[in-house]
Amino acid sequence: MMDRNADAPWSQFDPEAYVDLNYRTPLDVDLLIVRLMRDHFSRCFAAGVPDSVRGVDVGAGANLYPALSMLPWCEKILLLEYARPNVEYLERQASPAGYDAAWDAFWGVLREAPAYRDVEPRDRFSEIVRVERANLLDLDGQRRWDIGTMFFVADSMSECPDEFRRGVRCFMDALNEGAPFAAAFMKESVGYRVGDHRYPAYRVNGDRVRESLGGLTAELEIHDLHHMVRPGHEGMILALGRRNAAVAVP
Ligand SMILES: C[S@@+](CC[C@H](N)C(=O)[O-])C[C@H]1O[C@@H](n2cnc3c(N)ncnc32)[C@H](O)[C@@H]1O
């Protein structure tokens, strides 16, 4: 029996344990991803930043670096997340008290680029970031954003190939035509543990990621990063691009 998205213990997700496992000590691969994403967004907005850009990070979980990477470009950023403990974690991070020091190392990489240098990230983050509980699989193309990220979500929420493809499709259909995006995937993941709970994954490689994005992008770069962060996967895949002319989910 394959584990579907609805079967996993999302209400038991422990964001602090997840940060300890993945981000408290920044890994070289995440810092590399942040650099690549920063340079991609900087290139996309090189000709100027339109008024009132709205960004979205889908399945934001306990990771602030995708939202931080959108900070200079956006008037507003929405963090969509399904697991209640993660929603509460994100609400604390976006409160006027400011986000945890764990995220400073990622800003350290971002601020090496000119567009990020003059941003005061903590104030701006609490000013423009909002959090909403939502299911990626319910995004139906009615709401759209101008820039978007989705990190380790479509591949890390279910064992089912159809839910992976639908997750990618729902994310891409939440983007306006021309919207820059970044999406990351664990390569060949067999699932993962957070605290006492096990979460499902669908095994993807560069070809599967490219195939899932087929026909939805105007520009696409796939970075196949051979960094292992734990047993049970073979690296990470980063897709950078822009949404092409949007078509609603059938
Ligand atoms: C592996 S974590 C990735 C979290 C974070 N984006 C990161 O980069 O570390 C998978 C995330 O997907 C969220 N998730 C699972 N099913 C979801 C769904 N149907 N809609 C939205 N988020 C979902 C989980 O709660 C969790 O935060």
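Just follow the structure's listing: the first ligand is 1, and inside any ligand the first atom is 1. All values reported here derive from a predicted model rather than from experimental measurement.
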Among Tyr23, Tyr18, Tyr89, find the one that has a side-chain hydrogen bond (donor to acceptor under 3.5 Å, both in side chains) with Asn63. Tyr23

Assess, by modelled atom type and distance only, whether the side chains of Glu177 and Asn244 contain a donor and an acceptor separated by less than 3.5 Å. no

Looking only at side chains, do Tyr116 and Trp73 share a donor and an acceptor under 3.5 Å apart? yes

Ligand 1-proximal atoms of [X], by part, heavy-atom distance under 4.0 Å:
X	answer
Asn135	both
Ala134	backbone
Asn5	side chain
Tyr199	neither

At what distance is the nearest protein heavy atom to [atom], and which residue and atom is it?
atom	value
atom 5 (C) of ligand 1	Ala60 O, 3.2 Å
atom 8 (O) of ligand 1	Asn63 ND2, 2.9 Å
atom 12 (O) of ligand 1	Val153 CG1, 3.7 Å
atom 11 (C) of ligand 1	Gly59 O, 3.9 Å
atom 10 (C) of ligand 1	Phe152 O, 3.3 Å

Do ligand 1 and Phe13 have nitrogen or oxygen atoms that lie under 3.5 Å from each other? no

Can you tell which of Phe171, Tyr18, Tyr192, Tyr65 gets a heavy atom nearest to atom 9 (O) of ligand 1? Tyr18

To which of Arg84, Glu81, Met186 does the heavy atom nearest atom 25 (O) of ligand 1 belong? Glu81

Take the angle between the ring planes of Phe13 and Trp10 and call it parallel below 30°, perpendicular above 60°, tilted in between. parallel

I need the minimum non-hydrogen distance between Tyr192 and Ser156, along with the two atoms involved. OH-O, 2.7 Å

Can you give me the closest heavy-atom contact between Arg144 and Leu175, atom names plus distance? CD-O, 3.5 Å

Sub-4.0 Å atoms of ligand 1 with respect to non-hydrogen atoms of [X]:
X	answer
Ser156	1 (C)
Asn86	25 (O), 26 (C), 27 (O)
Tyr82	17 (C), 18 (C), 20 (N), 21 (C), 22 (N), 23 (C)
Tyr23	7 (C), 8 (O), 9 (O)

Over 12 non-hydrogen atoms of neighbours within 6.0 angstrom of CZ in Arg198: yes

Is the count of non-hydrogen atoms from other residues, nucleotides or ligands lying under 6.0 Å from Asp196 atom CG greater than 12? no

Looking only at atom types and distance, does a side-chain atom of Arg242 sit under 3.5 Å from a main-chain N or O of Gly178, one as donor and one as acceptor? yes

